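Presented below is the structure to which this report refers.
The sequence lines fix the lettering, A, B, ..., with proteins before strands; numbering per chain opens at 1. This one's a predicted model, so the numbers in the text were calculated from it and none came from an experiment.
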Number of protein chains: 2
Amino acid sequence: MTTSPALDAKVQSALETFNLLDEKLCHYSDVLGLLGWDSKTVAPKKGRKFFSKAIGTLSTESFKLSISEEMGNCLQVLTEEGVYEQLDDVTKACIRERKNQYEKSKKIPTAEYQEYVILVNNANQVWEEARANNNFSSFAPVLEKIVTIKKKFAEYYGYEGHPYNALLNEFEPGLTVEKLDPLFKELREKSVNLLNRIQQSSSQPRKDIFAQKYDIDAQKKFNQYILPLLGFDMNGGRLDETVHPFAQSVNTGDVRITTRYLEENVRSAIFGTIHEAGHGMYEQGVNEEFEGKVIRRGTSFGIHESQSRFLENMVARSKEFWTYFYGDLQDHFPTQLQDVSLEDFYRSVNLVEPSFIRVEADELTYNLHIMIRYEIEKALIGGEIEVKDLPKVWNEKMKDYLNVTPDTDTVGVLQDIHWSFGGFGYFPSYSLGNLYAAQMLNTILKEMPEFYTHIETGNFSEIREWLRENIHQYGKLYTPNELIVKVTGEELNAKYLVEYLEEKYTAVYNI
Amino acid sequence: MTTSPALDAKVQSALETFNLLDEKLCHYSDVLGLLGWDSKTVAPKKGRKFFSKAIGTLSTESFKLSISEEMGNCLQVLTEEGVYEQLDDVTKACIRERKNQYEKSKKIPTAEYQEYVILVNNANQVWEEARANNNFSSFAPVLEKIVTIKKKFAEYYGYEGHPYNALLNEFEPGLTVEKLDPLFKELREKSVNLLNRIQQSSSQPRKDIFAQKYDIDAQKKFNQYILPLLGFDMNGGRLDETVHPFAQSVNTGDVRITTRYLEENVRSAIFGTIHEAGHGMYEQGVNEEFEGKVIRRGTSFGIHESQSRFLENMVARSKEFWTYFYGDLQDHFPTQLQDVSLEDFYRSVNLVEPSFIRVEADELTYNLHIMIRYEIEKALIGGEIEVKDLPKVWNEKMKDYLNVTPDTDTVGVLQDIHWSFGGFGYFPSYSLGNLYAAQMLNTILKEMPEFYTHIETGNFSEIREWLRENIHQYGKLYTPNELIVKVTGEELNAKYLVEYLEEKYTAVYNI
């Protein structure tokens, strides 16, 4: 940390205290991250009810510290005019992040926040039961309460323009509906158009290849084989199994990802593992010197998702990727694949097919699933629709964009967990990830013309180094908007994803 | 918690605060336990250097809380005459434990404690290198410093009689050399005598049975098979692999044990797993209502060791145990065992053979290894010998008690880790465990005459219930001395272990 000698003693003291508080908060958060991983992977089930209390104690301590008077005083001193400007960029970024957190937490009255925590804790089970029983009306009252509270929180947080902006900001700092609407509009229109043409193509990929059973042990071997080759550092991470795959960073030297193996769906583990590896490599690539500082993690949900999508889609769903790996895959699954050509396999990997379920959607229709959720959230928070209307609105939009109608609410409006935990504003991150990723790809291809040759020859280290150099190392040093401009030279733009999808799928479908 | 209505508001308030502090300290300790397990089992190695700082932050917070003014005030109010007596037994025990911890921590000046922590942190590596290079003199200066500090700590803690009592008390509250000397003297004399007779026996067990290689996958299957049958609850615990096996309790529903598999030593995993299962079942059996209270764990190192030794030796090295399990073991290792009779196998399991290494010692000679360490520790702390004399003293005692002389200090005075972490007073726990276990066995046999029939028929649940009912459930509610008197009706006594060893080994060796 370098600071100007002109900084007076009071500032120096505030800076030292701030750094200690920042580090302590990081340690709590690292530990809580590990505890979360533990409870989802290895913890014996009997202990969870007791251990959740210990997790609660640590969370409370951490929260108290983040809004402590000590933290408030430090932030006040360090953000005074004439002081903040003199600080180095790393310190400035740390202060920016902690200040956001401090102010947001301070804005919500404690009693209301506690009411909200209890509400969403209980909502999960109500949602699970509603989904299991295809009974939206049993979830509706809880969801109404969550929406009401979220609208209040938006008011507490404050916003310009649409109230949903206050919630978007939780996941993608600086993002607004005003910025997002035109991006999504362009992507939606072009995607729907491309989808129509794809569906009319007489040259459809084979569906039988992935309709076979794939031995789980062989899947595990293949996953363990490719993971380090892609650049995921096995000395600084792990791969485990969970029902719902995730990536959890403990620190830059300990990033844990999970996957799941389904005998009847070999794509789930392969692309799921690669997706989480993309998240994991981002966290592994953050500058080690940021350890103990709030900026030591990925900068936003959207940028994070760009790294997972980039690896999963731009890299691992490319022809070149399978040119390199298909022989290995055939060796792992000779019965299933010995008579399948690389071309047929590649086209099957990129099969486009409208379906009910977001998490099973292909690269093209996935964004349409997101649009539906985004539009519904915006309208709910804006007060234009009501919770009771959701099943109807959902199904209408599914019909409009994907030309399918879910058989039940279970595979429709009830399919996602996000609303039950109050995650309004989260869904757009997924499509933002695709948008960022395509824009980054455009830049890489200019800076590294041999990009696809690297993939085709298994030289993934060059690609990881580019991502690390340009994106990973910075953690939260830059805001997502600063970062995309720094990397690509322009603000986020839909045209790169639109062009990428158009080019790729007209080739896959011969249209 | 039931308290007298006569308790006034100040006491009530102190009690509520105390219970909250106690719970918070338990949560920190539960989390630190889990973090310790994680770092020894699953943590990727690159992350450890960062994560040790997070562990340090939590340890410091926990330590500060345990000696906080708030804790001090609560303890003062609650231990006043006329107050403490009115409290219920659970609360009294919690106060007793927290008060001991508080007073001990307060007695050591912070600077000296920090110096000690740094010293022992660095000593581990010095010891490891000294052991690897058979170079005691490179470890001696560090060990001298540790002994000097330990002697000072003993003065700070205070003691009656021998200064070593202050250190013994860390591991076995209430234990003194005055109590231990006669116990160990009797055990040592009888053991040496029995060992001499055993060595002269013309009927020695076979050594070839365990000189074979045993497939590690089959070892794992056998261990996973027997563990739940013995009563270890797999829904409330796990079995993992580490180089140095241990048991780590997170809470009563989450107790994690580890083992190691060696192809050339099948006994290591079998008896190691059963040993740790004994520790684990103790922790799994503590009354769930003690969760969040300091008394939720086993009461002392010695009593803990009694539970592991009881299961490992009294149960799993009995003829009846192998009468039940030997067929299963043969099924797992047909090549190695198909021509080995049960009788030959049982005798081999109980082979007595003086050796250099404590952790590889048999049930009889094990205690002699402990005596050597105990006598040396006592003399070091008492100032009767100096660190530089240790190799000589060690080898003389090995010759006296075991009639063998270590080839090197690596397999002699340098073999154990304990002194490098300052664990003076720890070693006696191992033999105390054997003494307690034999005394408990004597009581069980009176109360449950069908004990060996239960083992022979695989009915381990009755035995676990007895241990749970009489020992496990209480956690730290009783001190070790109170507990052994409650369970067996008398203070700890060497005669039960002496008789048990005499009876067992005269039969095994036909003497």
Side-chain angles (χ1 to χ4, degrees), chain A residues 20-21 23-35 37-39 41-62 65 232-240 248-257 280 283-284 286 288-292 296, chain B residues 20-21 23-35 37-39 41-62 65 232-240 248-257 280 283-284 286 288-292 296:
Chain A
L20 286 174
L21 289 173
E23 186 179 33
K24 200 190 268 195
L25 284 167
C26 287
H27 289 164
Y28 275 117
S29 146
D30 293 350
V31 168
L32 284 165
L34 188 141
L35 301 184
W37 174 86
D38 188 273
S39 69
T41 53
V42 296
K45 64 180 177 192
K46 258 192 164 172
R48 291 179 193 180
K49 66 180 168 181
F50 303 125
F51 204 64
S52 65
K53 288 192 179 179
I55 291 176
T57 293
L58 252 64
S59 304
T60 305
E61 287 301 302
S62 174
L65 196 65
F232 184 83
D233 181 357
M234 298 302 288
N235 288 321
R238 302 176 48 88
L239 174 64
D240 294 274
Q248 175 64 55
S249 175
V250 177
N251 54 56
T252 57
D254 184 353
V255 180
R256 306 179 183 195
I257 65 173
E283 298 285 320
Q284 287 183 333
V286 175
E288 269 191 25
E289 290 178 17
F290 294 175
E291 281 295 338
R296 77 210 180 286
Chain B
L20 287 174
L21 290 173
E23 185 178 33
K24 200 190 268 194
L25 285 166
C26 286
H27 289 165
Y28 275 116
S29 148
D30 292 350
V31 168
L32 285 164
L34 187 140
L35 302 182
W37 173 87
D38 188 273
S39 69
T41 53
V42 296
K45 63 181 179 192
K46 258 193 164 172
R48 291 179 195 181
K49 67 179 168 180
F50 303 126
F51 204 64
S52 64
K53 288 193 181 179
I55 291 177
T57 293
L58 251 63
S59 304
T60 305
E61 287 301 302
S62 174
L65 195 64
F232 184 84
D233 180 358
M234 297 302 287
N235 288 320
R238 301 177 48 87
L239 174 65
D240 294 275
Q248 176 64 56
S249 175
V250 177
N251 54 56
T252 56
D254 184 352
V255 179
R256 306 179 183 195
I257 64 173
E283 297 285 321
Q284 288 183 334
V286 174
E288 269 191 25
E289 289 177 17
F290 295 175
E291 280 296 339
R296 77 211 179 288

message: Please classify the contact between B/D38 and chain A as side chain, backbone, both or neither, with a heavy-atom cut-off of under 4.5 Å.
response: side chain
message: For chain B, which candidate among A/L35, A/N235, A/T57 shows the most heavy-atom pairs at distances under 4.5 Å?
response: A/N235
- line: Shortest non-hydrogen pair, B/V255 vs B/F232, comes out as O-CZ, 3.5 Å
Electrostatic pair B/K49:A/E288 at N-O distance under 4.0 angstrom: yes
- prompt: Who wins among A/C26, A/G236, A/G56 for the most heavy-atom pairs under 4.5 Å with chain B?
  reply: A/G236
Lys/Arg N to Asp/Glu carboxylate O, B/D30 vs A/K53, below 4.0 Å: no
field: Rounded distance (nearest 0.5 Å) linking atom NE2 of B/H27 with atom CG of B/L58
entry: 13.0 Å
query: Side chain, backbone, both or neither: which part of A/R48 has a heavy atom under 4.5 Å from chain B?
result: neither
- line: Interface check, chain A: of B/T60, B/V42, B/V31, most non-hydrogen pairs under 4.5 Å belong to B/V42
statement: Rounded to the nearest 0.5 angstrom, the CE-CG distance for A/M234 and A/L239 is 6.0 Å
message: Is B/D240 in contact with chain A via its backbone, its side chain, both, or neither, using a 4.5 Å heavy-atom distance?
response: neither
- request: Select one option (side chain, backbone, both, neither) describing which atoms of B/V250 are under 4.5 Å from chain A's heavy atoms.
  value: side chain
- prompt: Where on A/N251 is there a heavy atom nearer than 4.5 Å to chain B: the side chain, the backbone, both, or neither?
  reply: side chain
query: A/R238 and A/T41: side-chain donor and acceptor closer than 3.5 Å?
result: no
Per-residue contact mode, A/Q284 against chain B (heavy atom under 4.5 angstrom): neither
field: CG on B/L65 to OH on B/Y28, rounded to 0.5 Å
entry: 6.5 Å
message: Just so I understand: if I count every heavy-atom pair under 4.5 Å between each of A/A54, A/A43, A/G292 and chain B, which residue has the most?
response: A/A54
